[in-house]
Amino acid sequence: MAKKTVLMPILAGAGFLITLVVVQVSGSTNEQLITSVENGSVPAMQLAMRLQDDLLHVQRALEDAVAAGHGKLETADAVRDRFITDVRSGRANAALNPAQLQLLEDHFQQYYSLARRTSEQIMAGTENRQASLDEMTAMYNTTHKRLDDYELQQKQLLTDSFAAVRQNNVRSKVAMATVLVISLALLIFVSVVVIRSITAPIARAVETANRLAAGDLTGDIEVTSSDELGMLLRAMQGMLISLRSMIGGLRGAAVRVSQSAGEISGASLQIAKGAQSQSTASDEASSTMVEMASQIENVARSTQTLASTVDETSSVIHELGSSIEQVARNADALLASAEQTSHTVGAMAASIAGVAEKVESVDATSREAAGVAKSGSQQISDVINGIDKNARDVGRIVSVISDIADQTNLLALNAAIEAARAGDAGRGFAVVADEIRRLAERSVKSTREIGDFVSRVKKDTEHAVTLSRSVLQQITDSVASTTALIGEVRQSTREQRAGASEVLTTAENMRSIARIVAMASSEQAHGASEMMKAVEAMNQMTQQVAHTTSEQKRGGDLIVRTIEQIATVAQQNVDATHSLAGETESLAREAASLQSLAESFSGEAAA
Amino acid sequence: MTTDFSGPDRVFAFADSLGISDEEAPVIEETTIPWVVFMLTGEWYALPVDAVQEIIRVGEITRVPDAPSVVRGVVNLRGRVLPVVDLRVRLGLPAAEPDKNTRIVVLPTRGRWIGVLVDAVKRIERFRPSDVRPVPSDVLSERSDYFRGVVQKDDRLVVLLDAEHVLLVHEGEMTNMNQIRVTEQ
């Protein structure tokens, strides 16, 4: 491809080179022609014209000489010399034909010699001059004619040269145009070819890529060229082949995954169904077991109630037995105490008599004590009252002192104010006033302390007065109550003494009754003991029943718990299989979508 | 060193030998100003000594009809009728009945004698003017110009009052004292 693309500029360059060569060639030809015109034809024409002129001058000089008749032909000779010089200068030009010029010179020489001779003859008056003149004229005309011919020839040469130049130009133009047209056509052709050779494979590659993008993997890519585009197409062909095999594998895998997912889904559905039925079954078992357990529990409860009832009965009987025993024991104790009482009452009766005597004497003593206490308390009260009065007096005095101190303080304050108002003059006085104030404050403080002390004393004495009063009152009161009590005791002992003998009799009676009671209660206690034994046995039995049912209940509970666990596990299984089913469904969906995606790549993989 | 204390002026010579001169005697500082310190509702206040005529005990106070609300009544001071202003009421504090510590501070103001009822008079105190701090302005109204300031004395604050302004009563300033007390706590 690079070679092809390079071809175009090379072609263009070649065209331009050819054009350049053509231009150069025609230009040099023209140059030569123009040079020959410049160097040859133009001087030749000039020479011809000058020679014509010289010839005319020679003729005229001769005619002048003839007309003058003096026979002097120097002017004509000078003109002839000029003619010769001109011709010779023309011969010096290499571009001019020397032979032709030589011819012209010779002819002129002939003419001139004839003309000179003729002229001399005319001047000499020789006969036959007409013939010489005619000859000379003929000669002149010939020479003139020859010069004209020469000029004409040169003119023709010039014209020819220009024509040649013009023709040359035309030729070169045509050649240039031809070359340009040819090279342009060639360029266009090559360009079209090159562009076509580049774009056609690219278009094929684009088409193939589009097909690949659309998922069409059918068909191969033809590779004809071996350039870069050929390489690209070959790479695309390789890609297409590997893609085709990949998609084929993918589609197979998708189909297989889809099948597997379907199978898993079916299996998980079956598992779910199984787990569901297991769950239902375990639920049923659980509910049955729960029912059973509750029934067992009912039995246990009933048994427990029975046991507690038996327990109660037992305890009641126990209590009854123990109370009967207690009664028996009490009866025994009663008997014993009745006997004891009987004895004691006897002793008591004797002692009561002694007590009565002592009480009489105590009564007398306490009466005496009451009188003493009353008088003592009166004395104490008097003394305390005296202290109180003194304290009051002191307090009054202290308050007077306090008042004085207060006034002193006020005076001192006023004095200090005066002193302060007096300024410097009062400074000494201010010190005195301050001292007085301090003194007064100390007095106030002391009197306050005294006052506090006195009030404390007063408070103490008042406290003492009230305390002594209450204490003495208590003493008096207690003495009085003692006396009264002793009087009562005296009375009761008197009554007791009378009742003691009656008690004694009653105790004797009681003793005999107690003996009877003790006997009866002993028998009763025996019967109660038998009953107790029976109840114990019953209690034991019910306890065994209760124990058994409780164990049964425990077992049932265990079963219920186990079944509940099974149900939970089954439920978990159901959930798991449900989620599995969901997962496989989504897997199946994914596989289906994968498959359809793979289907969208139409190609040989469909096989 | 032995000095012979002989001659008629031996006593002076002895005194000189003790090295004590008048200049060294303790003097009261010139810069201090004496104040009469008194109490109101347990707090300490002071009036300048210059403004105080004297301090008297409270005798019988005769009520006067149509008197200003701060005037508690009049008393007889050595034949002179002395109007008595209850300083508690004046400063917006709760009024109280006089007891044995209650005093009347007599202020000779504008040529008149006016008594001011206080709870108790403590003593004359001298304060340096530099120790006097201004009352915080944000608790005062512009009419509360009877405060000269506060001064610290033995961990207590003493409120310094102006004798003349404390007797000038404007409208609506009777409650300022309560505000100040709240602020000081």
Side-chain angles (χ1 to χ4, degrees), chain A residues 391-459 462, chain B residues 22-23 25-39 44-59 75 77-78 80 82 98-109 113 115-129 154 160-161 163:
Chain A
R392 273 178 216 281
D393 285 349
V394 170
R396 212 162 31 245
I397 292 162
V398 162
S399 95
V400 169
I401 292 169
S402 172
D403 193 44
I404 289 167
D406 218 29
Q407 273 194 31
T408 310
N409 192 5
L410 186 64
L411 280 172
L413 259 175
N414 279 325
I417 289 166
E418 284 294 338
R421 280 153 70 85
D424 280 352
R427 189 163 297 153
F429 189 57
V431 174
V432 175
D434 199 44
E435 284 299 322
I436 292 170
R437 183 183 62 79
R438 277 197 204 143
L439 215 60
E441 271 180 3
R442 249 169 62 199
S443 303
V444 167
K445 200 175 159 210
S446 301
T447 50
R448 198 173 294 140
E449 279 168 9
I450 293 167
D452 287 350
F453 179 69
V454 166
S455 64
R456 260 205 317 280
V457 167
K458 252 168 74 183
K459 209 153 67 199
E462 273 163 15
Chain B
D22 281 351
E23 286 73 25
V27 291
I28 299 161
E29 277 185 71
E30 278 301 326
T31 52
T32 56
I33 294 170
W35 293 78
V36 177
V37 178
F38 55 91
M39 299 194 71
W44 292 36
Y45 292 83
L47 281 162
V49 165
D50 287 348
V52 177
Q53 177 66 35
E54 61 179 308
I55 296 159
I56 58 170
R57 295 182 164 220
V58 182
V75 295
L77 174 61
R78 298 190 291 276
R80 195 196 266 267
L82 182 73
D99 61 11
K100 74 184 177 64
N101 285 323
T102 309
R103 297 281 182 272
I104 292 169
V105 179
V106 179
L107 305 173
T109 313
W113 283 17
V116 171
L117 204 62
V118 300
D119 285 1
V121 174
K122 300 310 285 184
R123 64 179 75 93
I124 310 293
E125 285 283 0
R126 288 180 167 272
F127 299 133
R128 261 187 223 95
D154 305 333
L160 306 182
L161 300 176

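Residue numbering restarts at 1 for every chain, and letters A, B, ... go by the order of the sequence lines.
Two residues are said to be in side-chain contact when any heavy atoms from C-beta on lie closer than 4.5 Å; B/R57 and A/D406 meet this criterion. Counting heavy atoms from C-beta on, the side chains of A/R438 and B/R123 never come closer than 4.5 Å. No side-chain heavy atom of B/E54 sits under 4.5 Å from any side-chain heavy atom of A/E418.
Paired with A/I417 under the rule side chain to side chain contact (heavy atoms under 4.5 Å, CB included), one option of B/V52, B/D50, B/V106 passes, and it is B/V52.
Interatomic distance, B/I55 CD1 to A/L413 CG, rounded to the nearest 0.5 Å: 4.5 Å.
Contact of B/V36 with chain A is made through the side chain alone, with heavy-atom distances under 4.5 Å. Contact annotation for A/R437: only side-chain heavy atoms (C-beta onward) come within less than 4.5 Å of a heavy atom of chain B. Both the backbone and the side chain of A/Q407 come within less than 4.5 Å of a heavy atom in chain B.
Highest contact tally toward chain A, considering only B/K122, B/Q53, B/K100, is held by B/Q53 [criterion: heavy-atom pairs under 4.5 Å].
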